[in-house]
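This report concerns only the one structure given below.
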Amino acid sequence: MEGTRERLITAAEELFAQQGVDAVSLREIVRSSGARNATALHYHFGDRDGLVRAVLAKHSPGVEARRNILLDAYEAAGTPDVRALAGALVRPLAAKLADADGGPSYLRLLADLANRPRPWIDPAAMEDPANSLFRWRALLTPLLDETSLQLHRRFVAYRFTITELARRAQNGPRADERLFTSHTVDLVAALLTASPSAETARLTAERPRS
């Protein structure tokens, strides 16, 4: 039987997915969870940001474990392979499409956070070498040209992945996601390896460095 904390997380991930993080009132989340005490959310999570972090923390360990396994296999193979790295980005997240315990809602939450004017980025992905996205970025870096790196091609690939998976999650569960997942991996690999045009390279070189 779920405790109050778990019910609040379940209610939050569903409502965040349906309405967006900022559009849902904390009171609505408490009411949907069935919590008897109106202060329960603040007791367990402090505020909205704490609740968002708790929803992410519910799902991220499984995604991290899957991606690290794929990255370990990539490193063991010892062969540069952009599609394999694209798969390491996409496949652990795509597995959430079949996760009946809030997986599709988690994907829609990630898309909300990634597509904001100031996108949310997990600090560990930038700072922690043990984090799977940190590893993914580092392994991909030598395979990309300087212009693509300056234009944040890796983040663009991540945001594309999340957006496509969220769109798929919104349309309901399917019995077999293998074709969709493989095609998404193809698209991400193509995005990562697309050569910048001469115009893009020139404009990038002319842009003041921030």
Side-chain angles (χ1 to χ4, degrees), residues 1-67 89-125 132-133 155-185 187-188 191:
M1 182 176 179
E2 283 189 323
T4 300
R5 186 178 188 277
E6 290 71 26
R7 293 200 307 273
L8 285 165
I9 291 174
T10 298
E13 69 187 358
E14 292 175 357
L15 291 170
F16 286 158
Q18 293 168 8
Q19 302 179 36
V21 171
D22 296 326
V24 181
S25 72
L26 298 184
R27 182 175 299 178
E28 185 178 1
I29 293 171
V30 172
R31 184 171 60 250
S32 178
S33 75
R36 297 179 179 178
N37 191 331
T39 65
L41 189 150
H42 295 284
Y43 172 79
H44 287 287
F45 309 107
D47 56 15
R48 184 183 302 270
D49 288 346
L51 182 55
V52 170
R53 288 193 295 270
V55 174
L56 297 174
K58 171 184 171 180
H59 296 278
S60 59
V63 173
E64 280 288 295
R66 287 188 176 94
R67 185 173 293 122
L89 175 65
V90 173
R91 295 184 188 281
L93 291 165
K96 283 293 175 179
L97 291 168
D99 178 7
D101 187 18
S105 294
Y106 166 71
L107 294 172
R108 293 171 68 184
L109 171 59
L110 284 182
D112 182 348
L113 297 174
N115 284 289
R116 294 172 166 230
R118 297 190 65 177
W120 178 85
I121 301 173
D122 183 358
S132 69
L133 280 178
F155 178 70
V156 173
Y158 170 79
R159 186 165 55 190
F160 173 83
T161 298
I162 291 300
T163 301
E164 282 297 289
L165 290 172
R167 178 186 60 80
R168 188 76 167 185
Q170 188 173 3
N171 293 334
R174 293 167 175 79
D176 189 345
E177 297 286 5
R178 289 177 298 172
L179 174 58
F180 169 79
T181 301
S182 181
H183 185 224
T184 304
V185 172
L187 293 174
V188 171
L191 192 161

Less than 4.5 Å apart, any side-chain heavy atom of [X] and any of [Y]?
| X | Y | result |
| --- | --- | --- |
| Asp122 | Leu133 | no |
| Phe16 | Asp112 | no |
| Leu97 | Phe180 | yes |
| Asp47 | Leu26 | no |
| Arg5 | Phe45 | yes |
| His59 | Asp99 | yes |
| Ile121 | Phe155 | yes |
| Tyr106 | Val63 | yes |

Among Val52, Asp49, Leu113, find the residue that satisfies the side-chain contact (heavy atoms from CB on, under 4.5 Å) test when tested with Trp120.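 When side-chain contact (heavy atoms from CB on, under 4.5 Å) is applied between Trp120 and each of Val52, Asp49, Leu113, only Leu113 qualifies.
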Tested for side-chain contact (heavy atoms from CB on, under 4.5 Å) against Tyr158, the lone hit among Val90, Leu89, Val188 is Leu89
Whether [X] side chain and [Y] backbone form a donor-acceptor pair below 3.5 Å:
| X | Y | answer |
| --- | --- | --- |
| Ser33 | Val30 | yes |
| Gln170 | Arg167 | no |
| Lys58 | Asp101 | yes |

Can you sort out the partners of Arg67 under side-chain hydrogen bond (donor to acceptor under 3.5 Å, both in side chains), two or more places apart, ordered by chain and number? Ser132
Residues Arg91, Arg66; criterion side-chain contact (heavy atoms from CB on, under 4.5 Å); working and verdict: CA-CA 8 Å; Arg91 295 184 188 281; Arg66 287 188 176 94; over 6 Å; no
Within this structure, what is the [atom1]-[atom2] distance for the pair [X] and [Y], rounded to the nearest 0.5 Å?
| X | Y | atom1 | atom2 | result |
| --- | --- | --- | --- | --- |
| Leu15 | Leu109 | CG | CG | 11.5 Å |
| Thr39 | His44 | OG1 | NE2 | 9.0 Å |
| Thr4 | Ile9 | OG1 | CD1 | 11.0 Å |
| Leu110 | Leu93 | CG | CG | 6.5 Å |
| Gln19 | Ile29 | CD | CD1 | 9.0 Å |
| Arg108 | Gln18 | CZ | CD | 6.5 Å |

Might you point out which heavy atoms bring [X] and [Y] nearest each other, and give the distance in Å?
| X | Y | result |
| --- | --- | --- |
| Thr163 | Arg159 | OG1-O, 2.8 Å |
| Val24 | Arg48 | O-NH1, 2.6 Å |
| Leu107 | Ile162 | O-CG2, 4.1 Å |
| Gly102 | Glu13 | CA-OE2, 3.4 Å |
| Ala40 | Ala35 | CB-CB, 4.3 Å |

What residues, two or more places apart in sequence or in another chain, satisfy side chain to side chain contact (heavy atoms under 4.5 Å, CB included) together with Arg174?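 Checked Arg174 against side chain to side chain contact (heavy atoms under 4.5 Å, CB included); matches are Arg168, Asn171, Glu177.
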Would you call Asp22 and Arg116 a salt bridge, taking side-chain N to carboxylate O under 4.0 Å as the test?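 Yes, charged N to carboxylate O under 4.0 Å.
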